[in-house]
Amino acid sequence: AEAARGGQGPAACGLRGRAAPAHPAPATIGMHIMQRGGNAFDAAIAVAAAEGVVLPMKCGLGGDAFVLVYSAKRGELLGFNGSGVAASGASRDYYASRGHTKMPIEGVHSDSVPGAVSVYEALWKRYGTLSWPELWQPAIELAANGVAITDYIHHRIAERADALARYPYSAAMYLRDGRPPAAGERWRAPDLARTLGLVAKGGAEVFYRGEIAERLLRFLKEEKALFSLDDFAGQQAVVYTPIPTDYRGSMVYETAPPSQGFLVLEQLNILEGFDLAKLAPFSAERIHLLVEAKKLAFADRNRYAGDPAHVRWPLATLISKAHAAARRNEIDPSKADWPAAAQLPEHSGDTSYFCVADGDGNAVSFIHSLSNSFGSAV
């Protein structure tokens with residue numbers, strides 16, 4: 001019924017809760033986990049694992065994750081940051097000496113340590129109720145038995161076919177017989193199933209400090225990448241208090257840097273000064289205000305923001321009401337503008353978002369990403 005009304009994404013509902021990922025198979029898996037007695041956190045891990053199989057251009061074991069959770073039992077709202085670090089041997093001078101004029105977005109020199117698995121395990125250790133292997137089994141079965149390629153997935157693989165073809169493992173996975181799998185074709189990933197099985201048995205330990213890490217580092221060394229064993233061994237999810245703003249009496253919480261949740265908070269603070277309720281949802285006047293607020297927030301991002309482990313920048317100021325008032329005054333209701341620093345060339349990214357809530361009041365807001373479509377393509 002939702003699809004018939006033009007809804008954008010699949011959702012699965014039941015008495016125990018609701019799961020809303022970007023593909024029907026993970027939606028069903030999330031609901032089954034809750035029907036078997038699991039909570040929203042159990043379901044989120046199983047959904048994330050399954051999305052890594054059926055949405056390989058968006059997310060997976062090689063990516064990062066940024067998660068906000070509310071635990072009704074504990075009464076706590078927390079953020080989980082799983083963004084991995086760059087290779088310890090990487091430096092501006094290294095790239096510049098090899099003719100790079102900007103950061104590479106493809107190949108092993110665009111890779112960072114994958115942070116997603118550290119977040120999955122941190123969530124499970126804090127909130128999970130079902131066994132860790134049980135949450136990974138549906139994804140393992142999807143990869144081993146195969147999934148039907150949708151027209152959307154076919155086109156996304158075809159878009160990156162030239163890049164995937166440059167790397168033998170990627171070509172073997174996604175371009176068998178030298179072409180993208182056709183819509184309706186069954187696509188299997190037995191190697192991925194075996195890797196998922198290792199994670200199901202050994203958790204983050206096997207991924208960052210055990211067999212998987214050893215194989216990854218051996219491959220990366222052969223490809224002249226700049227990672228060390230310590231880069232992987234030291235990966236840990238960061239747990240923190242999300243950053244908030246009050247929007248018209250409702251508290252809105254977002255992911256903290258190095259994630260970019262502050263952009264939403266700044267835009268809300270700017271828009272709070274306009275009476276949007278008087279404007280039709282898709283009117284030119286309303287869309288104009290939304291777009292101009294977004295331009296201003298992104299200009300601030302491009303001018304100031306960075307990884308707080310390396311760059312000092314005024315986060316508190318950017319999400320303050322006073323700063324929003326000053327930026328709001330720059331908006332001309334009758335004219336589009338292009339603020340200084342608003343434009344920054346960006347590559348085509350790819351990320352999956354889903355949310356899960358259960359009947360006990362627990363909720364999970366989940367982003368996991370490869371940054372670029374198929375990540376580094378390796």
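On a predicted model such as this, the values are computed, not experimentally measured, just so you know.
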Report task. Assess the side chains of Asp64 and Ser369: does a donor N or O sit below 3.5 Å from an acceptor N or O? Result -> no
**Report entry** Thr255 backbone acceptor or donor facing Ser259 side chain under 3.5 Å
**Finding:** no
**Report entry** Heavy-atom side-chain contact between His109 and Tyr95 under 4.5 Å
**Finding:** yes
Query raised in the report: Hey, is NZ on Lys321 packed in by over 12 heavy atoms from elsewhere, all under 6.0 Å?
Result: yes
Requested in this report: Go through the steps for Arg301 and Glu266 under the test salt bridge (Lys or Arg N to Asp or Glu O under 4.0 Å), then give the verdict.
Outcome: CA-CA 10 Å; Arg301 182 201 70 170; Glu266 182 176 355; over 6 Å; no
Report task. Please determine, by modelled atom types, if Ser365 and Tyr353 share a side-chain donor-acceptor pair under 3.5 angstrom. Result -> yes
**Report entry** Arg215 atom CZ, neighbour heavy-atom count above 12 within 6.0 Å
**Finding:** no
Query raised in the report: Within the distance-only criterion (no hydrogens, no angle test), does the side chain of Arg186 pair as donor or acceptor with the backbone N or O of Gly146 below 3.5 angstrom?
Result: no
Query raised in the report: Is the backbone of Val199 close enough, under 3.5 Å, to the side chain of Trp132 for a donor and an acceptor to pair up by distance?
Result: yes
Query - Close side-chain approach of Glu285 and Ser283, heavy atoms under 4.5 Å - result: yes
Report task. Indicate yes or no: does Arg36 engage Glu134 in a salt bridge with an N to O separation below 4.0 Å. Result -> yes
**Report entry** Intermediate values then yes/no, side chain to side chain contact (heavy atoms under 4.5 Å, CB included), Arg328 and Leu271
**Finding:** CA-CA 8 Å; Arg328 188 183 308 123; Leu271 292 167; over 6 Å; no
Requested in this report: Kindly give the heavy-atom pair with the smallest separation between Asp111 and Phe227, and that separation in Å.
Outcome: O-CZ, 3.4 Å
**Report entry** Backbone of Pro339 reached by a side-chain donor or acceptor of Asp337 within 3.5 Å
**Finding:** no
Report task. State whether the side chain of Glu272 and the backbone N or O of Leu268 hold a donor-acceptor pair below 3.5 Å, judged by distance alone. Result -> no
Query raised in the report: Side chains of Glu121 and Tyr208: is there a donor and an acceptor less than 3.5 Å apart?
Result: no
Query raised in the report: Do the non-hydrogen side-chain atoms of Val69 and Tyr127 ever get within less than 4.5 Å of each other?
Result: yes
Query raised in the report: For the residue pair Tyr120 and His368, does the interplanar ring angle fall in the parallel (under 30°), tilted (30 to 60°) or perpendicular (over 60°) class?
Result: perpendicular
Requested in this report: Can you see which heavy atom on Asp42 is nearest to which on Gly128, and at what distance?
Outcome: OD1-CA, 3.2 Å
Query raised in the report: Does the side chain of Asn81 pick up a donor-acceptor pair with the side chain of Ser83 at under 3.5 Å?
Result: yes
Query raised in the report: For Ser334 and Asp332, does a side-chain donor sit closer than 3.5 Å to a side-chain acceptor?
Result: yes
**Report entry** Worked verdict on Arg218 versus Glu223 for salt bridge (Lys or Arg N to Asp or Glu O under 4.0 Å)
**Finding:** CA-CA 9 Å; Arg218 187 162 59 247; Glu223 296 295 313; over 6 Å; no
Requested in this report: With rounding to the nearest 0.5 Å, note down the distance linking CG in Leu229 to OG in Ser88.
Outcome: 10.0 Å
Query raised in the report: Has Tyr304 got more than 12 heavy atoms of other residues, nucleotides or ligands less than 6.0 Å from its OH?
Result: no
**Report entry** Polar side-chain atom of Asn362 near backbone of Ala72 as donor-acceptor pair, under 3.5 Å
**Finding:** yes
Requested in this report: Return the minimal non-hydrogen interatomic distance between Cys59 and Ser352, and the atom names on each side.
Outcome: SG-CB, 4.1 Å
Query - Side-chain heavy-atom pair Lys221, Leu217 within 4.5 angstrom cut-off - result: no
Report task. State, with a plain yes or no, whether a side-chain heavy atom of Asp350 is found less than 4.5 Å away from one of Phe374. Result -> no
Query raised in the report: Quick one: OG on Ser170 to CZ on Arg160, what's the gap to the nearest 0.5 Å?
Result: 9.5 Å
Query raised in the report: What's the verdict on side chain to side chain contact (heavy atoms under 4.5 Å, CB included) for Val264 and Thr245, showing C-alpha distance, side-chain angles and the deciding distance?
Result: CA-CA 10 Å; Val264 175; Thr245 197; over 6 Å; no
Requested in this report: Please answer whether the main-chain N or O of Leu276 pairs with a side-chain N or O of Arg286 as donor and acceptor at a distance below 3.5 Å.
Outcome: yes
Query - Separation between CZ of Phe41 and CZ of Arg126, rounded to the nearest 0.5 Å - result: 10.0 Å
Query raised in the report: Would you find a donor on one side and an acceptor on the other, under 3.5 Å apart, between the side chain of Asp358 and the backbone of Gly361?
Result: yes
Query raised in the report: When you measure from the side chain of Tyr174 to the backbone N and O of Ala158, does any donor-acceptor pair fall under 3.5 Å?
Result: no
Query raised in the report: What is the distance from atom NE2 of His155 to atom CE of Met57, rounded to the nearest 0.5 Å?
Result: 12.0 Å
Report task. For atom OH of Tyr94, decide whether the heavy atoms of other residues, nucleotides or ligands shown that lie under 6.0 angstrom number more than 12. Result -> yes
Report task. Considering non-hydrogen atoms only, spot the tightest contact between Thr317 and His323 and give its length. Result -> O-CB, 3.0 Å
Requested in this report: Give a yes or no answer on whether the side chain of Trp124 reaches the backbone of Thr129 with a donor-acceptor pair at less than 3.5 Å.
Outcome: no
Query raised in the report: Should the heavy atoms of other residues, nucleotides or ligands under 6.0 Å from CZ of Arg248 be counted, would the total exceed 12?
Result: yes
**Report entry** Approximate separation, where rounding is to 0.5 Å, of Phe354 CZ and His23 NE2
**Finding:** 14.0 Å
Report task. Check whether the side chains of Gln235 and Ser118 place a donor and an acceptor atom closer than 3.5 Å, and report yes or no. Result -> yes
Query raised in the report: Is Ile45 close to Leu130 at the side-chain level, that is, under 4.5 Å between some pair of heavy atoms?
Result: no
Report task. Compute whether any side-chain donor of one residue and acceptor of the other, for Glu106 and Tyr167, lie under 3.5 angstrom apart. Result -> yes
Report summary line: CD1 of Ile153 to NZ of Lys58, rounded to nearest 0.5 Å, is 8.0 Å
**Report entry** Closest non-hydrogen atom pair between Ala336 and Lys295, with its separation
**Finding:** CB-NZ, 4.0 Å
Query raised in the report: Given Val54, which of Ile149, Val147, Thr150, Ile29 fulfils the side-chain contact (heavy atoms from CB on, under 4.5 Å) condition?
Result: Val147
Report summary line: In short, Val239 meets Leu78 closest at the heavy-atom pair CG1-CD1, 3.8 Å
